[in-house]
Amino acid sequence: MKINGVPTRTIRPATDDATVEIIDQTRLPHVLAFEALSTLEQAAAAIKEMKVRGAPLIGATAAYGMALALASDASDARIADAYKVLLATRPTAVNLRWALDEMRSVLAPVPVGERRAAAWKKAAAICDEDVALNASIGDHGLGIVKALWDKRRAAGAIRVNILTHCNAGWLATVDWGTATAPIYKAHDAGIPVHVWADETRPRNQGASLTARELNWHGVPHTVIADNAGGHLMQHGLVDMCIVGTDRTTAAGDVANKIGTYLKALAAKDNGVPFYVALPGPTIDWTITDGLEQIPIEERSADEVIFISGRTADGRIESVRLTPDGSPAANPAFDVTPARLVTGLITERGVSPASPEGLLSLYPERRAQAAQ
Ligand code: MRU
């Protein structure tokens, strides 16, 4: 993605191999600020406090967090300790565990004195891989958007309307995004896409982040209240939905930001195709039942009770929405069963959301699935 014409990644190592820079996403959309992380604790806090968020970027940050942890001690015990600290930051996105497993298995056979350099190299490779996976998701998704646009154009439409929930965009990954990759590719190919961006209460990743990056890239979009999607679908104003996922089971159930399930239900009722875009590391091959087996993060009630924004004179302020004394609950993710998903858009192609569908794309997992 380009910001003011400059290709920019959401996470980047400084030249000193001692710090890594992230965008503090809690300050968006109003302030674009890079922040340097130089310790394991800072990396873990950045994930926990959602300065970085989105499944692939959480994984990438954890990989660099491991590299930062080895600055003065690269022993087995230090690796185990860093693994534990980073894994505990957020429970739902499986990319976190995947990235830490990748780091650990690369580092284990390396002599202690060479581990620090190996860790920085592997973290960079994880980031490069994420960019390549997402670009490929974009290519496969582009085929779907193009086919839909050809059909809509023949019927007299002037644009193709895509609804997305939360931010599964550039800001949720190292580059491209997952759900947004087909959108950016379609836009860049001259297809007139228009995005309905769900605001995504309570943290408003749609209103603050998806809108911000679509706006930077020049993709036409409209922010809508979370409750508006069903109405738009009933009136033929949504041609397809594309969302991301934090963890997809081997059977094709998908966990994603709270509210995704309701959009999938509305899409089913209205015959709107509902696609989920994901890179391979988001698949948890060890589970098959999303409702029972995916841990759903419960976040602070304060995220529901308070809302922050920019005042007319430029101050960022937080205000209370609910009456004193009213409790609030904040489940951060929900699970959309595979039966509501039209297709999974991966770096290897598009498959049905089913065990067979996923195995047709990842045949090397067949032995594991048979156990
Ligand atoms: O709580 P967040 O902002 O980390 O949740 C992000 C999402 O739910 C995304 O849709 C998901 O991680 C996919 S990101 C490509």
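For ligands, and for the atoms within them, numbers begin at 1 and follow the listed sequence.
- Between Trp170 and Tyr184, a ring centre-to-centre spacing not shorter than 6.0 Å is recorded.
- Look at Arg153 and Asp150 and you find a salt bridge, because one of the NZ, NE, NH1 or NH2 atoms lies within 4.0 Å of a carboxylate O, short of that distance.
- Distances below 4.0 Å separate heavy atoms of Thr245 from the following atoms of ligand 1: 11 (C), 13 (C).
- Residue-ligand proximity: Arg90 is placed with a non-hydrogen atom under 4.0 Å from ligand 1.
- Here is the list of ligand 1 atoms found below 4.0 Å of a heavy atom in Gln205: 1 (O), 2 (P), 3 (O).
- Between Tyr64 and Trp120, the ring planes lie tilted relative to each other; the angle falls in the 30° to 60° range.
- Nearest protein heavy-atom neighbour of atom 14 (S) of ligand 1: Ala172 CB, 3.5 Å.
- Nearest protein neighbour of atom 8 (O) of ligand 1, counting heavy atoms only, is Asp246 OD1, 2.9 Å.
- In this structure, Asn167 is part of the shell of residues with a heavy atom less than 4.0 angstrom from ligand 1.
- Ser136 contributes no side-chain N or O that, together with a main-chain N or O of Leu133, makes up a donor-acceptor pair within less than 3.5 Å.
- Atoms of ligand 1 found under 4.0 Å from any heavy atom of Met50 (numbered from 1 in listed order, with element): 1 (O), 2 (P), 3 (O).
- The 12-atom threshold is not exceeded at CD of Glu292, counting heavy atoms of other residues, nucleotides or ligands nearer than 6.0 Å.
- The cationic group of Lys185 lies under 6.0 Å from the six-membered ring centre of Trp176 and within 45° of the ring axis, placing it in a cation-pi geometry.
- Nearest protein heavy-atom neighbour of atom 5 (O) of ligand 1: Lys257 CE, 3.3 Å.
- Among protein heavy atoms, atom 15 (C) of ligand 1 sits closest to Thr178 OG1, 3.0 Å.
- Judged purely by atom type and a 3.5 angstrom limit, Asp130 has no side-chain atom pairing as donor or acceptor with the backbone of Pro56.
- Of all protein heavy atoms, the one lying nearest to atom 6 (C) of ligand 1 is Arg53 NH2, 3.5 Å.
- In terms of heavy-atom proximity, Arg53 sits nearest to Asn167 at NH2-O, 2.8 Å.
- To the nearest 0.5 Å, atom CG of residue Asp246 and atom CD of residue Glu297 are 9.0 Å apart.
- Under the 4.0 angstrom criterion for non-hydrogen atoms, Gly177 is not in contact with ligand 1.
- Taking a cut-off of under 4.0 Å to the non-hydrogen atoms of Ala55, the atoms of ligand 1 that pass are 12 (O), 14 (S).
- Atoms of ligand 1 found under 4.0 Å from any heavy atom of Phe333 (numbered from 1 in listed order, with element): 1 (O), 5 (O), 8 (O).
- Residue contacts with ligand 1, taken as heavy atom pairs separated by less than 4.0 Å, do not involve Ala93 at all.
- Within the set Asn256, Thr200, Leu209, Ile137, the minimum heavy-atom distance to atom 9 (C) of ligand 1 is found for Asn256.
- Put simply, no part of Arg203 is less than 4.0 Å from ligand 1, judged by heavy atoms.
- Salt bridge annotation for Lys151-Asp239: absent, with no cationic side-chain nitrogen under 4.0 angstrom from a carboxylate oxygen.
- Residue Cys166 places a heavy atom under 4.0 Å from ligand 1.
- Within the cation-pi definition used here (under 6.0 Å to the ring centroid, within 45° of the axis), Arg12 qualifies as a partner of Phe34.
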